Amino acid sequence: MEKLCLVGDNIFGPSTADAAESLIEAFGPAMESGLPWAAILGNHDQESTMNRAELMSFISLMDYSVSQTNPSAEGPSSSLKGSMMTDIDGFGNYNLRVYGAPGSHLANSSIFNLLFLDSGDRAVVQGVRTYGWIKESQLRWVRGISQRFQGQMSDTDQSADALPPTIPALGFFHIPIPEIRQLYHKKIVGQFQEAVACSSVNSGVLETLVSIGDVKAVFMGHDHTNDFCGNLDGIWFCYGGGIGYHGYGKAGWPRRARVIFAELGKGDKAWMGVERIKTWKRLDDEKLSKVDEQVLWDHRPSR
């Protein structure tokens with residue numbers, strides 16, 4: 001199934017007179033495509049006529065949007081079925097489950113998970129302005145999501161070849177984590193063209209993602225002329241590169257969109273779980289050039 005994912009700075013608030021009108025224009029192509037699409041917020045979206053809660057609520061109600069303001073409350077402590085979690089920081093924390101191919105024995109099983117997190121906008125730490133960060137309440141929710149999905153694996157009677165040992169997941173948030181700076185000195189795929197603008201607070205995002213083991217890649221925005229992927233402790237962290245024409249770019253450097261491709265394994269009689277995740281970029285040039293194709297994760301790397 002095709003899906004569009006947008007990782008923030010969807011509108012540039014300071015020059016936006018009406019946030020709702022600008023959102024409709026910004027997401028117009030996504031709605032016209034008729035494909036499901038998901039979005040999170042950057043640090044500029046709320047600098048107009050709507051706050052972050054209002055923005056995510058509005059986005060969640062737009063045509064073909066599968067975005068959510070925040071996750072639903074679950075468990076015995078929830079007094080209202082389907083009510084929204086109130087003990088999680090930010091707006092735009094949610095997960096989307098991808099099910100197996102229709103007609104296959106995995107049609108009613110989650111085979112892929114997409115995690116969206118609100119990395120905030122601006123903050124002040126010890127009197128110094130910095131960017132936002134992903135809070136412990138959000139990381140606690142991520143750990144709970146992972147435990148629930150991996151619990152599904154142990155309860156599902158599937159052959160060893162049907163699904164990988166863990167259900168693979170991808171993460172999406174706007175502001176990069178501090179460790180991204182380390183990739184300046186490591187091998188990357190793509191271009192490192194500007195300094196990483198991140199929070200002065202390291203909240204343990206990388207440590208959490210490594211510990212849960214199912215997130216294979218993370219996709220970020222914020223630094224609009226970075227479009228590289230680099231590996232930190234076994235997880236790929238990828239920038240999308242600038243796609244819109246309202247935010248800043250670089251002269252002579254075509255705008256680009258990152259494509260993420262999840263490939264299903266094929267059994268003797270039916271489609272299996274996700275076997276391989278690849279990515280590349282399409283440039284906004286005359287040929288819609290395809291560049292920097294790479295494999296992010298492979299269930300059977302020895303093949």
Side-chain angles (χ1 to χ4, degrees), residues 1-10 27 30 35-43 45 59 66-68 90 92-98 112-120 131-134 138-139 142 145 168-181 183 188-194 196-198 205-206 208-210 212 214-244 247 255-263 274 276-283 290-297:
M1 184 180 77
E2 296 181 59
K3 186 181 273 85
L4 306 174
C5 299
L6 302 107
V7 291
D9 284 357
N10 309 293
F27 294 133
L35 295 173
W37 59 274
I40 50 176
L41 300 177
N43 56 295
D45 297 275
I59 289 171
V66 290
S67 312
Q68 299 172 30
N93 303 290
Y94 57 101
N95 75 285
L96 299 175
R97 297 187 291 177
V98 179
F112 198 27
N113 194 28
L114 307 179
L115 288 163
F116 297 83
L117 291 162
D118 180 11
S119 55
Y131 285 108
W133 63 92
I134 294 169
Q138 297 166 282
L139 297 178
V142 168
I145 289 291
L170 301 179
F172 299 85
F173 51 77
H174 183 72
I175 298 173
I177 59 176
E179 288 91 342
I180 300 301
R181 292 169 171 167
L183 294 173
I188 58 173
V189 180
Q191 299 178 67
F192 201 136
Q193 299 191 121
E194 65 176 297
V196 176
C198 59
V205 173
L206 179 59
T208 295
L209 297 183
V210 170
I212 62 177
D214 51 0
V215 175
K216 308 306 178 183
V218 171
F219 302 90
M220 312 164 294
H222 197 51
D223 302 323
H224 298 197
T225 62
N226 286 338
D227 74 342
F228 63 84
C229 288
N231 196 290
L232 293 168
D233 295 343
I235 300 173
W236 286 97
F237 287 81
C238 300
Y239 283 100
I243 183 172
R255 298 300 171 113
R256 58 207 56 217
R258 181 170 292 281
V259 177
I260 306 164
F261 181 76
E263 182 178 349
V274 175
R276 187 178 298 107
I277 303 171
K278 302 196 300 190
T279 187
W280 58 85
K281 289 159 291 190
R282 288 284 184 185
L283 308 187
K290 179 181 180 180
V291 298
D292 294 338
E293 181 173 357
Q294 66 180 110
V295 174
L296 297 174
W297 176 76

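As the structure is a prediction and not an experimental result, all values here were calculated from the model. Scope of the values below: all heavy atoms of this structure, side chains included, with no hydrogens, waters or symmetry mates.
Applying the side-chain contact (heavy atoms from CB on, under 4.5 Å) test between V210 and each of V205, V215, D233 identifies D233 as the sole match.
Closest of all the heavy-atom pairs between V66 and Y94 is O-CE1, 3.9 Å. Of all heavy-atom pairs between L183 and I188, the closest is O-CG2, 3.6 Å.
Here the side chain of D118 pairs no donor or acceptor atom with the backbone of G92 at under 3.5 angstrom. Under the 3.5 Å distance criterion, the side-chain polar atoms of Q191 are left unmatched by any main-chain donor or acceptor of T225. Checking side-chain atoms of D45 against main-chain N and O of D9 turns up a donor-acceptor pair under 3.5 Å. A donor-acceptor pair is defined here as one N or O able to donate and one able to accept, closer than 3.5 Å; no such pair exists between the side chain of S119 and the backbone of W133. Put simply, the side chain of N95 never gets that close to the backbone of L115: no donor and acceptor are under 3.5 Å apart. Without hydrogens or angle criteria, E263 side chain to R276 main chain gives no donor-acceptor distance under 3.5 Å. Using modelled atom types, no side-chain atom of N231 and backbone atom of L296 make a donor-acceptor pair closer than 3.5 Å. With hydrogens and angles ignored, the 3.5 Å screen pairs no side-chain donor or acceptor of K281 with any backbone N or O of G241. A donor-acceptor pair is defined here as one N or O able to donate and one able to accept, closer than 3.5 Å; such a pair exists between the side chain of S67 and the backbone of A39.
Residue T208 holds its OG1 atom at 11.0 Å from CD of Q138, rounded to the nearest 0.5 Å. Taken to the nearest 0.5 Å, the OH atom of Y131 stands 5.5 Å off from the CG atom of N43. Taking CD of Q193 as the start and CG of N226 as the end, the distance is 7.0 Å to the nearest 0.5 Å.
Taking the six-membered ring for Trp and thresholds of 30 and 60 degrees, F228 and Y239 have ring planes more than 60 degrees apart, a perpendicular arrangement. The aromatic rings of H174 and H222 lie perpendicular to each other, with more than 60° between the two planes, well past the 30° mark.
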